[in-house]
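To start, the structure itself, in structure tokens.
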Amino acid sequence: MGDVFANAMPVQGLIGGLMIGTASAIMLLGLGRIAGVSGLAARATGITVDGAPRPLAIAFVVGLPLGALLVALILGPVEARFEQGLAALVIGGLVVGFGTRLGSGCTSGHGVCGMSRLSARSLVATASFMVTGFATVAVMKALGLGL
Amino acid sequence: MKRAIVFALIAGALFGAGLAVSGMADPQRVRGFLDLFGAWDPTLAFVMGGALIPMAIAWRIQKRMPTPMAAERFPLPTARDLDPRLIGGAALFGIGWGIAGLCPGPAIADLAIAPVPAATFVAAMLGGMILHRLLAAAPVKQPTLETSNV
């Protein structure tokens, strides 16, 4: 048990989380919008016509890699271990894209913005994707795929 | 509109920076969180907890604000029903999240950190979104407030 949480980053996690929450608060109080990345990505690319005005969606989506790049330039390399292989990237991407549109949101829209609003829909959606996320990784490990 | 675009760009950049600082740009760390029955990495729970604090406060402030600072109104989600699309869509999203260790925010932020694999995932994700649009039932135009992102 001693090394179960050996790799956890609680302090960085909390600080980064506060930054993410503050960014979401800027979207809400500044623009009256939900900082839901799946919806904003669909809006920015023109896949949907619903949601924020397109220039705002594009600005937010462009900001995401810019912010990550700034951290890399200021604090040094950002760890991003892509060990899942091409098939997992493509299949995972397709399912994430389809599922977030069908379910009207992802970790940011439902998980951060909706749960903090105590939205019943977001609480149910977050429980749903957490359970299937845990189950998927457990099944993949059992089958000897990835991790 | 210019002021609003600056707000959105700053929010996006701060969001992306938060993902990078918190370790959430790393798919293996996210999969470590989802590996509940293995060497569980609780970092994502700290990220979620940290993000909920400013937003819980923001919702309280929002109730007292007549309009947002750089927009005319709050077109916020009003849907209340726990329908199969919500639950099934979220369940599917969780499966994809587990398979790749990526959700939309970190994937897009990673375009600056690991461009080739991140772009591969993002392209597939946009493909999945287009597929949903093509398969979606006849486009019944709902009241616009109900079609936002939550």
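By convention in this document, chain letters (A, B, ...) are assigned in the order of the sequence lines, proteins followed by strands, and residues within each chain are numbered from 1.
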Contact part of [X] toward chain A, heavy-atom cut-off under 4.5 Å: side chain, backbone, both or neither?
X: B:Ile57; result: neither
X: B:Arg29; result: both
X: B:Met55; result: both
X: B:Leu102; result: both

Among the listed options B:Val6, B:Ile53, B:Ile130, B:Leu111, the residue most often paired with chain A at heavy-atom distances under 4.5 Å
B:Ile130
Let me know if [X] has heavy atoms under 4.5 Å from chain B in its side chain, its backbone, both or neither.
X: A:Val95; result: both
X: A:Val124; result: side chain
X: A:Ile74; result: neither
X: A:Ala72; result: side chain
X: A:Val61; result: both
X: A:Thr45; result: side chain
X: A:Leu75; result: side chain
X: A:Ser128; result: both

Examine B:Phe93 together with A:Phe98 and report whether their ring centres are nearer than 6.0 Å.
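Ring centres of A:Phe98 and B:Phe93 not closer than 6.0 Å.
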Test of ring centre spacing under 6.0 Å for A:Phe134 and B:Phe33
yes
Using modelled atom types only, decide if a donor and an acceptor are shared between the side chain of A:Arg121 and the backbone of B:Asp81 within a distance under 3.5 Å.
yes
For A:Leu28 and B:Pro68, which heavy atoms make the closest approach, and how far apart are they?
O-CB, 4.3 Å
Nearest non-hydrogen partners of A:Ile34 and A:Cys113, listed with the distance
CG2-CB, 3.8 Å
For atom CD1 of A:Ile91, decide whether the heavy atoms of other residues, nucleotides or ligands shown that lie under 6.0 angstrom number more than 12.
no
